[in-house]
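Just so you know, ligand 1 is whichever comes first in the structure, and atom 1 is the first atom listed for that ligand.
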Amino acid sequence: MFDVDAIRRDFPLLNQQTNGKPLVYLDSAASSQKPLAVLDAVDACYREYYANVHRGIYDLSEKSSDEYEKARKKIARFINAASWRELIFTRNATEALNLVAYSWGLENLRAGDTILVSDMEHHANLVPWQQVARKTGATLTIFPTTVGGLVDMEAYKRLLNPSVKLVAFTLMSNVLGTITPAKEMIALAHEVGAVVVADGAQSVPHLPTDVQALDCDFMAFSGHKMLAPSGIGALWGRKSLLNEMPPFLTGGDMIKEVHYDYSEWNQLPWKFEAGTPAIAQAIGMGAAVDYLNNLGMAAIRRHEIELTTYALDRLSRVEGVNILGPLDPAQRGGAIAFTFGDIHPHDLASMLNADNVAIRAGHHCAQPLHDKLNISASARASFYIYNKPEEVDQLVVSLNAARKVFAI
Ligand code: C6P
């Protein structure tokens, strides 16, 4: 039983009103709220055993290091990594993607090589590849989505050839909601010898994830979209690749030996974790994974499909609403971007805010996709484990009120 009322009791922030109107939080694709279990884990870290990790030969530091490494193991299991050594803590998905671009990309790409990315990528999975292409002389090629917001598999296959050394794409679009057919896409990319970088920022919080079954080479994700504190995320990478890669950042903790004229690197995963890490945040991410596991990722996905089905149906019946991305809930996640007549999404979000309904408006860090769709911005409602159908109803009521004000 997926008991949303019980879940909501774990999220004190959701239980608030402004001008007598209850908060309707529909922006979890930007960042999720945090349950008590995560707040308590972070609080306990600072109150009871906080110290720097991997450095102190005293009880507090050993406890802190243990808890930090326990969190890593939980998160590695959560995505079914073959080894916890393949799980590198980063600040967020953006830093994880930059790590691959600057470490693997600069070392392995050169003129004549192709980097292939989709047309619906978040800037975090596009701009680093633009930079690497500029620095190495490699060519950046974009593969398209169809009018319906699905990957154009025929075009993708046509663009794959032995010059393609790296393919990077999202597992779930933060604008179109599209769940990409990743397994098939990865197998096709491997056939031409390409390395595959999967952006799991939106998918890992919402879908069961198994990096071994997917068979990708790298996957990036953020803690803050999956109930954890901000400031912590992860890169999972295949050990054989990570072992060969140079460090991204250098300094303390990532070294085995340092001399004035040379240094040797620490083993995985610490080779890629320079400096004091986000200790309490990582421990909070471990607690978030426990919370998600208790609910069960399959049950979370079922809840999301139910809510998305309901929302797509209700929204599509609001005159003037144009939903972006696939309309089949099985092919998409719970981030629903839309335009509403000629109301600017920022004006719409401000009006909805007056009803205490929080949505996101703008290009959602996917400006090229909006350019392609010939729109400057969109509004986006996104759901998570604590959202309920009544909140979709409130969104629809507020949209209809906005329609009257803007006379569309
Ligand atoms: N998208 C959104 O509102 P960071 O900011 O590093 O935690 O995540 C970056 C990122 C990468 N890929 C995808 C598919 C994403 O959705 C995001 C973050 C948020 O859509 C904030 S812009």
Side-chain angles (χ1 to χ4, degrees), residues 25-34 75 79 88-102 117-131 142 145 149 151 167-180 182 185 196-207 209 214 216 218-236 248 278 281-282 284-285 288 304 324-326 332-338 345-346 349 358-370 373 377-384 387:
Y25 186 72
L26 301 179
D27 199 18
S28 293
S31 206
S32 75
Q33 298 301 341
K34 321 300 174 197
I75 299 160
I79 59 165
I88 296 153
F89 281 126
T90 60
R91 276 187 305 145
N92 45 38
T94 302
E95 188 176 85
L97 292 163
N98 274 274
L99 193 165
V100 183
Y102 285 92
V117 309
S118 91
D119 67 2
M120 60 177 158
E121 293 311 310
H122 186 281
H123 298 163
N125 201 23
L126 172 64
V127 183
W129 303 119
Q130 289 175 343
Q131 293 296 97
I142 308 295
T145 42
V151 173
V167 177
F169 63 88
T170 186
L171 298 177
M172 183 191 281
S173 162
N174 66 322
V175 178
L176 303 176
T178 313
I179 297 171
T180 49
M185 293 170 70
V196 181
V197 181
D199 177 358
Q202 292 294 339
S203 66
V204 174
H206 298 267
L207 301 175
T209 304
L214 268 179
C216 54
F218 297 100
M219 184 182 74
F221 56 112
S222 287
H224 68 92
K225 295 186 202 288
M226 49 187 280
L227 311 180
S230 54
I232 188 76
L235 172 71
W236 168 83
F248 174 39
Q281 293 88 330
M285 190 166 173
E304 183 149 298
L324 309 181
R332 62 172 302 144
I336 305 181
F338 58 95
H346 286 154
I359 63 160
R360 188 169 173 193
H363 53 51
H364 319 300
C365 301
Q367 191 175 5
L369 175 65
H370 283 77
L373 298 173
S378 57
R380 186 187 67 188
S382 56
F383 311 114
Y384 207 19
N387 290 117

May I ask whether [X] places a heavy atom under 4.0 Å from ligand 1?
X      : result
Arg91  : no
His224 : yes
Lys225 : yes
Gly233 : no

Are the side chains of [X] and [Y] in touch, meaning some heavy atoms are under 4.5 Å apart?
X      : Y      : result
His363 : Leu369 : no
Asp27  : Arg380 : yes
Arg360 : Ser382 : no

- Hey, does the side chain of Lys225 reach the backbone of Ser31 with a donor-acceptor pair shorter than 3.5 angstrom? no

- Query: Under 3.5 Å, is there a donor-acceptor pair between the side chain of Ser173 and the main chain of Val175?
  - Reply: yes

Residues 93-100 side chain polar contacts: donor-acceptor under 3.5 Å, at least two apart:
unit_1, atom_1, unit_2, atom_2, d
Glu95, OE1, Arg91, N, 2.9
Glu95, OE2, Arg91, NE, 3.0
Asn98, ND2, Thr94, O, 2.9

- Item | Atom of Thr90, atom of Asn92 and distance for their closest heavy-atom approach |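 Looking at all heavy atoms of both residues, the closest pair is OG1-O, 2.9 Å.
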
- Item | Minimum-distance pair of heavy atoms, taken over all atoms of Arg332 and Gly325 | NH1-C, 3.9 Å

Sequence neighbours left out, cut at 3.5 Å: what donor-acceptor pairs do the side chains of residues 121-129 make with other protein atoms?
unit_1, atom_1, unit_2, atom_2, d
Glu121, OE1, Asn125, ND2, 2.9
Glu121, OE1, Thr170, N, 3.1
Glu121, OE2, Ser118, OG, 2.5
Glu121, OE2, Thr170, N, 3.0
His122, ND1, Ala124, N, 2.9
His123, NE2, Cys365, O, 3.3
His123, NE2, Ala366, N, 3.4
His123, NE2, Gln367, N, 2.8
Asn125, OD1, Trp129, NE1, 2.9

- Among protein heavy atoms, which lies nearest atom 2 (C) of ligand 1, and at what distance? Arg360 NH1, 3.1 Å

- Task: Look at atom 13 (C) of ligand 1 and say which protein heavy atom is nearest, naming residue and atom and giving the distance to 0.1 Å.
- Result: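 Protein heavy atom with the smallest distance to atom 13 (C) of ligand 1: Asp199 OD2, 3.4 Å.
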
- Closest to atom 10 (C) of ligand 1 (heavy atoms only, candidates Glu121, His122, Gln202, Met120) is His122

- Taking atom 6 (O) of ligand 1 as the point of reference, which of Thr170, Thr94, Ile232 owns the nearest heavy atom? Thr94

- Query: So is Ser222 polar-close to ligand 1, meaning N/O to N/O under 3.5 Å?
  - Reply: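 Right, the criterion is met.
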
- Message: Tell me whether His364 has any N or O atom under 3.5 angstrom from an N or O of ligand 1.
- Response: no

- Query: At a 4.0 Å threshold, what atoms of ligand 1 neighbour a non-hydrogen atom of Ala93?
  - Reply: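 Those atoms are 6 (O), 8 (O).
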
- Task: Could you list the atoms of ligand 1 found under 4.0 angstrom from a heavy atom of Cys365?
- Result: 22 (S)

- Tell me which part of Glu95 gets within contact of ligand 1: side chain, backbone, both or neither, using heavy atoms under 4.0 Å. neither

